[in-house]
Amino acid sequence: MSQVIRMGIVGAGNIFRAAHVKTLLEHPEVELVAVCDINPERAEAVAAEYGISSFYTDYRELLKRDDIDAVDICTSNLFHSEISIAALQAGKHVFCEKPDAVNPEEAQKMADAAKASGKVLMTMRNNRFNPSSQYLKRFIEEGHMGEMYTGRCGWLRRRGIPGKGGWFTTKELSGGGPLIDLGVHYIDLTMWLMGNPKPVSVSGATYTKFANNEIADSVHSSFGEKKADGTFDVEDLATGFIRFENGATLQIEFSWASNVGEEMTFIEIRGTKAGFSLKKGELQIFSESAGQLTNMAPVFKGTPPSAHGEHLKHFIDVVQKRAEPIILPEHGVDMIKILSAIYKSAETGREVIL
Ligand SMILES: NC(=O)c1ccc[n+]([C@@H]2O[C@H](COP(=O)([O-])OP(=O)(O)OC[C@H]3O[C@@H](n4cnc5c(N)ncnc54)[C@H](O)[C@@H]3O)[C@@H](O)[C@H]2O)c1
């Protein structure tokens, strides 16, 4: 019989309510025992709404409790590393929302703290848990793609800036705009499917052209608290090119706002035996057989479970030692190194060697 994992939540905003709380409340091996938010009304309201017995406004108070085994961190980006490190040092397992940290030094400190503590540190990579991603991983591992030598990925929004003026658009609190916010999802998924090749250099460019635009056409622009007279010192579009040690390459493009036809997520990987395109969740695989070119579209039946929920369940499986983690702290360090180097390349106009 597995032990019950007593969990504390730090940061009870949009993503915790939208994508974490249901899975955690329903999980038979999880008990939510405390919630912390710097906004006292929110901490109290969330505790009352979900029947969580204690609430705090300072995460250090929550971490002092010996009866808490794990924490789930859903704060704005800047605080992910500080709270993760403090939690690991207090002997807690840590699940943390993406991005891992706002710079590579902090991401490395998180990985080091996890190693020193012997506890699990996992950051959210929900897209790895979509049925199409799981299918592709298996398709690739069965050898159907051959050598994967190049790819493209991106998430383009037409008008979908989250929390305009608030923490999302304030570099100090977020680490950047769509590159760090959205890039972490799709660069991670593409690299994972490519077998986590080691990045060796990047080149990138960033633009801010829509800071004064008030139109919104994306559900994502309702995320995060807006601030009328707030800050907008991040990019709204980023492009880039990543080279890997094995010779493979990846082109990337992420926008919160740009003049495109419609919001679009996409990943393409080209292999010597097959290639695929995953556009807005629609998967097509391109290959050849019996002397003809073939297109294949796998059929996924039923309503898929929440990918965020599936990742949280994987975290619990790893804490309970019945699964090996598919997301490692080193993946986060590599990811934040890539993103930070793209920002540096955008600033200097030169390729950055990692
Ligand atoms: N995986 C995904 O699909 C996904 C989607 C949206 C957001 N996110 C990530 O989730 C995180 C939160 O985003 P959100 O949209 O919920 O933002 P939000 O602003 O709605 O919520 C953040 C909450 O954290 C609280 N907070 C901030 N600093 C804190 C601290 N030091 N201690 C305790 N509480 C603190 C805020 O008061 C707020 O309630 C971000 O890192 C974001 O990148 C992930």
Side-chain angles (χ1 to χ4, degrees), residues 8-21 23 34-47 49 55-63 71-87 94-102 106-107 110 122-130 133 155 157 160-189 218-227 230 234 254 256 265 281 306-312 314-315 327 332 335-336 339:
I9 306 302
V10 186
N14 174 64
I15 198 67
F16 170 67
R17 288 152 169 264
H20 291 232
V21 70
T23 302
V35 57
C36 167
D37 199 291
I38 45 170
N39 176 331
E41 291 83 31
R42 185 167 295 166
E44 186 170 6
V46 165
E49 183 176 353
F55 65 89
Y56 302 88
T57 52
D58 184 337
Y59 73 85
R60 286 165 291 211
E61 294 302 313
L62 183 150
L63 294 182
V71 294
D72 178 14
I73 301 167
C74 301
T75 65
S76 34
N77 304 350
L78 175 68
F79 306 105
H80 290 181
S81 56
E82 173 189 318
I83 301 171
S84 294
I85 293 164
V94 172
F95 189 87
C96 180
E97 258 300 344
K98 51 62 57 173
D100 309 64
V102 295
E106 289 297 310
M110 287 166 73
M122 205 178 274
T123 46
M124 181 65 99
R125 296 291 190 263
N126 46 290
N127 286 285
R128 293 193 193 185
F129 292 84
N130 290 324
S133 310
W155 183 340
R157 292 187 192 155
I161 300 172
K164 205 158 169 231
W167 72 260
F168 269 105
T169 61
T170 305
K171 178 119 182 146
E172 192 194 346
L173 297 172
S174 61
L179 178 64
I180 194 163
D181 183 39
L182 310 179
V184 76
H185 283 297
Y186 282 87
I187 300 171
D188 173 77
L189 180 54
S218 165
V219 62
H220 301 104
S221 50
S222 64
F223 285 17
E225 276 173 44
K226 297 182 188 357
K227 227 173 161 188
V234 298
F254 295 94
W256 277 343
T265 57
S306 143
H308 300 80
E310 291 303 292
H311 190 171
L312 281 158
H314 174 64
F315 171 71
I327 292 103
M335 176 58 50
I336 304 301
L339 301 178

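Everything quoted here is computed from the prediction, not taken from an experiment. Atoms within each ligand, like the ligands themselves, are counted from 1 in listed order.
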- prompt: So how far is it from Asp58 CG to Asp37 CG, rounded to the nearest 0.5 Å?
  reply: 12.0 Å

- prompt: For the atom pair CG (Leu339) and CG (Asp181), what is the distance rounded to the nearest 0.5 Å?
  reply: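 Answer for the CG-CG pair, Leu339 versus Asp181, is 11.0 Å.
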
For [atom], closest protein heavy-atom neighbour:
{"atom": "atom 38 (C) of ligand 1", "value": "Arg42 NH1, 3.3 Å"}
{"atom": "atom 3 (O) of ligand 1", "value": "His308 NE2, 2.8 Å"}
{"atom": "atom 43 (O) of ligand 1", "value": "Lys98 O, 3.0 Å"}
{"atom": "atom 32 (N) of ligand 1", "value": "Ile38 CG2, 3.8 Å"}
{"atom": "atom 36 (C) of ligand 1", "value": "Asp37 OD1, 3.4 Å"}
{"atom": "atom 21 (O) of ligand 1", "value": "Gly13 CA, 3.3 Å"}
{"atom": "atom 31 (N) of ligand 1", "value": "Phe79 CG, 3.7 Å"}
{"atom": "atom 20 (O) of ligand 1", "value": "Asn14 N, 2.9 Å"}

field: Reference residue Arg157; test side-chain contact (heavy atoms from CB on, under 4.5 Å); the match among Pro178, Ser221, Ser218
entry: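 The passing option is Ser218.
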
field: side-chain contact (heavy atoms from CB on, under 4.5 Å) partner of Val94, the single match among Ile85, Ile73, Asp72
entry: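 Option passing the side-chain contact (heavy atoms from CB on, under 4.5 Å) with Val94: Ile73.
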
Under 6.0 Å from the [atom1] atom of [X], do we count more than 12 heavy atoms belonging to anything else shown?
{"X": "Glu172", "atom1": "CD", "value": "no"}
{"X": "Lys227", "atom1": "NZ", "value": "no"}
{"X": "Glu82", "atom1": "CD", "value": "yes"}

For [X] and ligand 1, answer yes if some heavy atom of the residue is under 4.0 Å from a ligand atom, otherwise no.
{"X": "His80", "result": "yes"}
{"X": "Glu82", "result": "no"}
{"X": "Glu225", "result": "no"}

task: Return yes if a side-chain donor-acceptor contact under 3.5 Å exists between Asp100 and Thr123, otherwise no.
output: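 Looking only at side-chain atoms, Thr123 and Asp100 do form a donor-acceptor pair, the distance falling under 3.5 Å.
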
message: What I want to check is whether the side chains of His80 and Glu106 have a donor and an acceptor closer together than 3.5 Å.
response: no

- request: Check for a donor-acceptor pair, side chain of Thr57 on one end and backbone N or O of Pro40 on the other, with a separation under 3.5 Å.
  value: no

Just to be sure I'm reading this right: ignoring hydrogens, which of [options] gets closest to [atom]? Compare them by their nearest heavy atoms.
{"atom": "atom 27 (C) of ligand 1", "options": "Ala19, Ala43, Ser76, Ala307", "result": "Ser76"}
{"atom": "atom 13 (O) of ligand 1", "options": "Phe223, Trp167, Tyr56", "result": "Trp167"}
{"atom": "atom 24 (O) of ligand 1", "options": "Asn127, Thr75, Thr57", "result": "Thr75"}

Contact check: Ile15 vs ligand 1, nitrogen or oxygen atoms, below 3.5 angstrom: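 Ile15 vs ligand 1: N/O contact under 3.5 Å present.
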
- prompt: Any N/O of Asn39 closer than 3.5 Å to an N/O of ligand 1?
  reply: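 N/O-N/O distance under 3.5 Å: no.
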
Using a strict 4.0 Å cut-off to heavy atoms of [X], name the atoms of ligand 1 that fall inside it.
{"X": "Val10", "answer": "32 (N), 33 (C)"}
{"X": "Met124", "answer": "1 (N)"}
{"X": "Asn77", "answer": "40 (C), 41 (O), 42 (C), 43 (O)"}

- prompt: Given side chains that start at C-beta, do those of Phe129 and Ile327 come closer than 4.5 Å, heavy atoms only?
  reply: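 The answer is yes, as the side chains (C-beta and beyond) meet within the 4.5 Å cut-off.
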
- prompt: Which bit of Tyr59 gets closer than 4.0 Å to ligand 1, counting heavy atoms only: side chain, backbone, both or neither?
  reply: neither

query: Where's the contact between Cys74 and ligand 1, heavy-atom distance under 4.0 Å: side chain, backbone, both or neither?
result: backbone

message: Would you call the rings of His311 and Phe95 parallel, tilted or perpendicular, taking 30° and 60° as the class edges?
response: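 Geometry flag for Phe95 against His311: perpendicular rings.
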
message: Among Phe254, Trp256, Tyr186, which residue satisfies the ring-ring contact (aromatic ring centres under 6.0 Å, His included) criterion with Trp155?
response: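 Result for ring-ring contact (aromatic ring centres under 6.0 Å, His included) with Trp155: Tyr186.
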
